[in-house]
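Here's the structure we're looking at; comments come further down.
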Amino acid sequence: MQITMQIAPPNWKKIMSSFKIAILSGDGIGPEISKQAVRVLKSLEKKNSHVFECQELEFGANAYFANGKSFPNDTKRACDDADAILKGPIGLSHYESEKIPLEERPERGALLPLRRRLNTYANFRPILLPKSMTHFSPLKSKVVGEGIDIIMIRELIGGLYFGVKERGKNINGVRYAKETLEYDEQQIRQILIVAFEQAMKRKKLLHNIHKNNVLVSSVLWNEICDEISQDYPAVTVVHMLVDAAATHLCLNPSQFDVMVMENMFGDILSDQGGGILGSLGLMPSACLGHDKAYYEPSHGSAPDIAGQNIANPYSMIGSVALMLEMSFGLISEAKTIWNAMHSIFDDGFVTHDLAEDNIDSAILSTSQFGDKVIEKIKIVGA
Ligand code: IPM
Ligand code: MN
């Protein structure tokens, strides 16, 4: 797979021989999948002249319990200094979360502030299932066809997530809560340009996902989309309501190539994307700003299976591949990772999340999956 919005200057590979990477392992299964991702990254280092200087930092609930802040100042500084950031999932079970004050809970106290600080407005969520892995999809084989290859582009620092919030009681003493969905034209334009550029590099087909039959923010969004499309006459734009898009993703995913949408729609539809692949464990992502980027799995921290060495590290290792390609311009190294991961499944192995009636010996633990990726990288000699 190749995603073509790079934030690295094209000649960075030649200039840089050392890349500074902040590692935020996160909570739950975060540390165990991050460990495999860093091993894979380091194994590429041995095969060529690049040095990946990794610095581990506290972030999320672990950071809160260690020092009372879920996004500590040291971590902020290290993120500012890094060439790229690799982040594991954050968050705890509902019960454990209750022990943390609302404002310091990992989602509100760490993740959203990280996104805002780095201005990572463009979230790329590839929904990728090569033909040889289509049996993992819950969709019928005639629906999944030759495989799934969609890029969902989610606006990441606007909309309901960041709008003004209010809670209170009205004059009748009835409790209410209020959230604001606000976008200005610059925010909309910058994400749509990313989407059009991506469409130009792929099939020149862009699905613009909206809800303009109800939301005035979608009316503005679509107006701007039509304006920008004048600059991209080669791109076919299909406007699709978000609820319809949810159905079409199940009934005919191959109609999509690049999809673009606002923050909340993207949160929901990208999880559905993981669903049609067969697991959220197959969902790496890239969060890009104008000059900073961080990379993370799209899934959560799965506290119920943490520490058991059974989590699927594909999303985390895939996030390394996206980082190599998009931040560092190391396209062939990224390809090597994708090929290695896909060929593990081609060899008949599975991870726990994808195992159905597989015999035990075919089911790989978190660390065994990491071992196999590294073995395969060695064979290719990246
Ligand atoms: C995601 C996650 C986050 C989000 C949560 C953890 C706040 O679900 O990255 O999709 O909703 O953006
Ligand atoms: Mn989500």
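Each ligand, and each atom within it, is numbered from 1 in the order the structure gives.
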- Answer side chain, backbone, both or neither: which part of Leu111 comes under 4.0 Å from ligand 1, heavy atoms only. side chain

- Task: From the options Asp353, Val350, Leu354, select the one residue that forms a side chain to side chain contact (heavy atoms under 4.5 Å, CB included) with Ile363.
- Result: Val350

- Pick from Arg108, Arg125, Glu296, Glu107: the one approaching atom 1 (C) of ligand 1 most closely through a non-hydrogen atom: Arg125

- Message: Suppose we call two aromatic rings close when their centres sit under 6.0 Å apart. Are Phe369 and Phe345 close by that rule?
- Response: yes

- 4.0 Å heavy-atom contact, Arg115 with ligand 1: yes

- Query: Going by heavy atoms in the side chains, are Leu249 and Ile127 under 4.5 Å from each other?
  - Reply: no

- Message: More than 12 heavy atoms of other residues, nucleotides or ligands under 6.0 Å from NZ of Lys69: yes or no?
- Response: no

- Item | Student check: side-chain heavy atoms of Val242 and Met261 closer than 4.5 Å | no

- Indicate if the distance from the Mn ion (ligand 2) to the nearest N, O or S atom of Asp267 falls below 2.8 Å. yes

- Message: Tell me the protein heavy atom at minimum distance from atom 4 (C) of ligand 1, and give that distance in Å.
- Response: Tyr161 OH, 3.5 Å

- For ligand 1, note which part of Arg154 has a heavy atom under 4.0 Å away: side chain, backbone, both or neither. side chain

- Basic-acidic side-chain contact under 4.0 Å: Asp80, Arg77: no

- Considering only the protein, which heavy-atom contact is closest to atom 2 (C) of ligand 1, and what is its distance? Asp267 OD1, 4.0 Å

